[in-house]
Amino acid sequence: MSNAPAAKASNYKSAIQPTRAENFPEWYQAVVKEADLAESSAVRGCYVIKPYGYGMWENIQRELDARIKECDVQNAYFPLLIPVEYLSKEAEHVDGFAKECAVVTHHRLEKGPDGKLIPASPLEHPYVIRPTSETIIGETIKNWIQSYRDLPCKLNQWCNVMRWEMRPRVFLRTAEFLWQEGHNCLETADGSREDALLMLSVYKDLMENCLALPVMEGEKTADERFPGAIATYTLELMMQDGKALQGCTSHDLGQTFSKSCDIKFQGRDGKEQHAWTTSWGLTTRTIGAILMAHGDDDGAIMPPVVATYQVAIIPFLKDDAGKDALLGYCNKVKTALKAKGIRVSLDASDVRASNKTWDAIKKGIPLRVEIGEKEMAEGNVTHIRRDLGKDSKQTVSVDEFVNNAERLLQDIHKSMFEKAKAFRDSHIFDVKTVDEVRDFFKADKAGFVRADVSILEDKALEAVRKEFAITPRCIPFSDSGKKVLLGKSY
RNA sequence: CGGAGUGUAGCGCAGUCUGGUAGCGCAUCUGCUUUGGGAGCAGAGGGCCGGGAGUUCGAAUCUCUCCACUCCGACCA
């Protein structure tokens, strides 16, 4: 933005206000609203995901589900309600979630004296609405597993969960959210560790190749671990304000849950033993990550692989006389693109073309196709890349465009990834001492600092962590466990 | 759950300090003229000022009390 040519500075106005530099959190909310992705609901902390936003989630689901199944995981579904006793069996687990559980205590409503409905018929055994399903899945599959021949047992469910958050933020932290949670059961300690890492690699594939998000893969420090896990692996993402967002999570649960749920099997040696389990999840938060990693001051920029629409066709209608012919031409282009498997929107409404254009920009549709009488007369289309802006405008024949559209989308993906990666790489700074950590965040610089893991032992770090609200994000694999990344996070 | 802020038309805001029955911009509707990076002119419609209680002849404005949202923390995907 700062290097925008002075010539157009006079009439330049970003579509989203405030800009990222002016106020990042407010910019984020404006992007969500202007792109028509979601809105707040009557229920505190719960949001309505609107069709344009839900379309992204469906595409993320499709891509991730296929990859999960490649790992021989089967989909299943377990109840929304979990008996409170289940949760209380694992001490660390209950500590981790007890504070944020919604509890179902009654099973009926009746009219009170003032005509209002009040809960009636208290439940003898209350339920919690699942914050996660380790316990109920464990209690179920213990009956499915008797022998090493029943292993591995790999299950996944797509569902909603509820965690009573105090400070909700659309997509990033909501009381109810959508995710998949995988729960695998393995034969050995090595098996569960390798499995947790395998699922992490699936997420990495999704992030890089579908969401165009560069990741920092690593292990969480002990205090950042999932309650009950022996190791938590993560993909940390960097947002454009330099804050971290945890992109997914994959836990090696060891025998914690197999012991509390009593998942036992007879091993190859004939001896009975507890199984080794993993759990791994990815949520609708990834949509927030996409917005904050790729968006610019004109709004969202959607990665082509999961974009609800990959191409927006915008007819430039001059008058009613030529309307039918022009829309017919646009529809032909749309049909040709759809035949190539490309998701296309065509805005045939009477709204002014320039407003349709801005709508497509704010929604972040990767490719915009403008079609007016000029194009129609010559058998052409004009196309513009969202990530590069109007300087990328090109006019080519319909055939050429249709044949090249897939490659154009791939190019967009590639440059989005490279741009995000360049940002990430230029916002990680090596430091040696706690004082350098303090100096970095005191100067209000954006990004992470990378230090030797021994810094975690330094007593002085605690005060700095508190003062600037920084946490260890992960111990990246890339430094073979010798370094730790510290930063602010969502 | 702690600290701070904001609730007035679909959206963004002014008006509140100093009480007198509500205004601006955008959007919407109508008409004409326009049309390739947010159109122009003319006209029109739309709000019991977040809810409740109180003070007052009179409350958007003062008092009390709820509620919601936003930001910064704590907690987390």
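Just so it is clear: chains get the letters A, B, ... in the order the sequence lines come, proteins before strands, and each one is counted from 1.
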Can you check the distance between [N] and [M], where both ends of the measurement are the [atom1] atom (answer in whole Å)?
N: B:C32; M: B:U16; atom1: P; value: 43 Å
N: B:G45; M: B:C64; atom1: P; value: 40 Å
N: B:U61; M: B:G37; atom1: P; value: 48 Å
N: B:C69; M: B:U8; atom1: P; value: 14 Å
N: B:A74; M: B:C1; atom1: C1'; value: 8 Å

Side chain of [X]: nearest nucleotide among [options]?
X: A:Glu100; options: B:U35, B:C76, B:U70; value: B:C76
X: A:Ala469; options: B:G36, B:G73, B:G38; value: B:G73
X: A:Thr382; options: B:G36, B:G37, B:A77; value: B:G36
X: A:Glu165; options: B:C11, B:A39, B:C75; value: B:C75
X: A:Lys362; options: B:U34, B:G12, B:G38; value: B:G38
X: A:Thr283; options: B:A77, B:G37, B:G36; value: B:A77

Partner nucleotide, any strand, of [N] [Watson-Crick/G-U, under 3.5 Å]:
N: B:A77; value: none
N: B:G7; value: B:C67
N: B:G43; value: B:C29
N: B:U55; value: none
N: B:C17; value: none
N: B:G2; value: B:C72
N: B:C48; value: none
N: B:C24; value: B:G12

Figure out the [atom1]/[atom2] separation between [X] and [N], and round it to whole Å.
X: A:Glu34; N: B:G10; atom1: CD; atom2: P; value: 17 Å
X: A:Asp297; N: B:G37; atom1: CG; atom2: C1'; value: 16 Å
X: A:Glu92; N: B:C76; atom1: CD; atom2: P; value: 12 Å
X: A:Arg465; N: B:C75; atom1: CZ; atom2: C1'; value: 13 Å
X: A:Glu26; N: B:C13; atom1: CD; atom2: C1'; value: 14 Å
X: A:Phe226; N: B:C76; atom1: CZ; atom2: P; value: 11 Å
X: A:His251; N: B:C76; atom1: NE2; atom2: C1'; value: 11 Å
X: A:Arg368; N: B:G38; atom1: CZ; atom2: P; value: 12 Å

Output yes when at least one side-chain N/O atom of [X] is less than 4.0 Å from OP1 or OP2 of [N], else no.
X: A:Arg44; N: B:C69; answer: yes
X: A:Gln246; N: B:C76; answer: no
X: A:Arg169; N: B:C76; answer: no
X: A:Ser354; N: B:A39; answer: yes

Task: A:Ile49 and its side chain to side chain contact (heavy atoms under 4.5 Å, CB included) partner, picked from A:Leu37, A:Ile287, A:Leu178 - done: A:Leu178
Contact between [X] and [Y] at the side-chain level, heavy atoms closer than 4.5 Å - yes or no?
X: A:Glu181; Y: A:Val161; value: yes
X: A:Val215; Y: A:Glu208; value: yes
X: A:Lys89; Y: A:Val94; value: no

Task: Ring-face cation of A:Arg163 near A:Trp179 (centre distance under 6.0 Å, axis angle within 45°) - done: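 That pair qualifies as a cation-pi contact.
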- [ ] Could you walk me through whether A:Lys393 and A:Glu370 pass the salt bridge (charged side-chain N to carboxylate O under 4.0 Å, His left out) test, one step at a time?
- [x] CA-CA 10 Å; A:Lys393 186 178 284 199; A:Glu370 299 183 347; 3.7 Å; yes
- [ ] Measure distances between side-chain N and O atoms of A:Arg173 and base N and O atoms of B:A77, and say whether any donor-acceptor pair falls under 3.5 Å.
- [x]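 No such pair is found, so the answer is no.
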Open item on the list: Is it the case that the base of B:G36 and the side chain of A:Glu375 share a donor-acceptor contact (distance under 3.5 Å, atom types as modelled)?
Closed with: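 Yes, a donor-acceptor pair under 3.5 Å.
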Open item on the list: Looking at B:A77 and A:Phe177: do their rings stack (centroid distance under 5.5 Å, interplanar angle under 30°)?
Closed with: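 Per 5.5 Å and 30° rule: yes, stacked.
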- [ ] Test A:Asp324 against A:Tyr329 for side-chain hydrogen bond (donor to acceptor under 3.5 Å, both in side chains), laying out the working first.
- [x] CA-CA 9 Å; A:Asp324 288 349; A:Tyr329 184 80; over 6 Å; no
- [ ] Report yes or no: do A:Thr277 and A:Asn184 form a side-chain donor-acceptor pair below 3.5 Å?
- [x] no
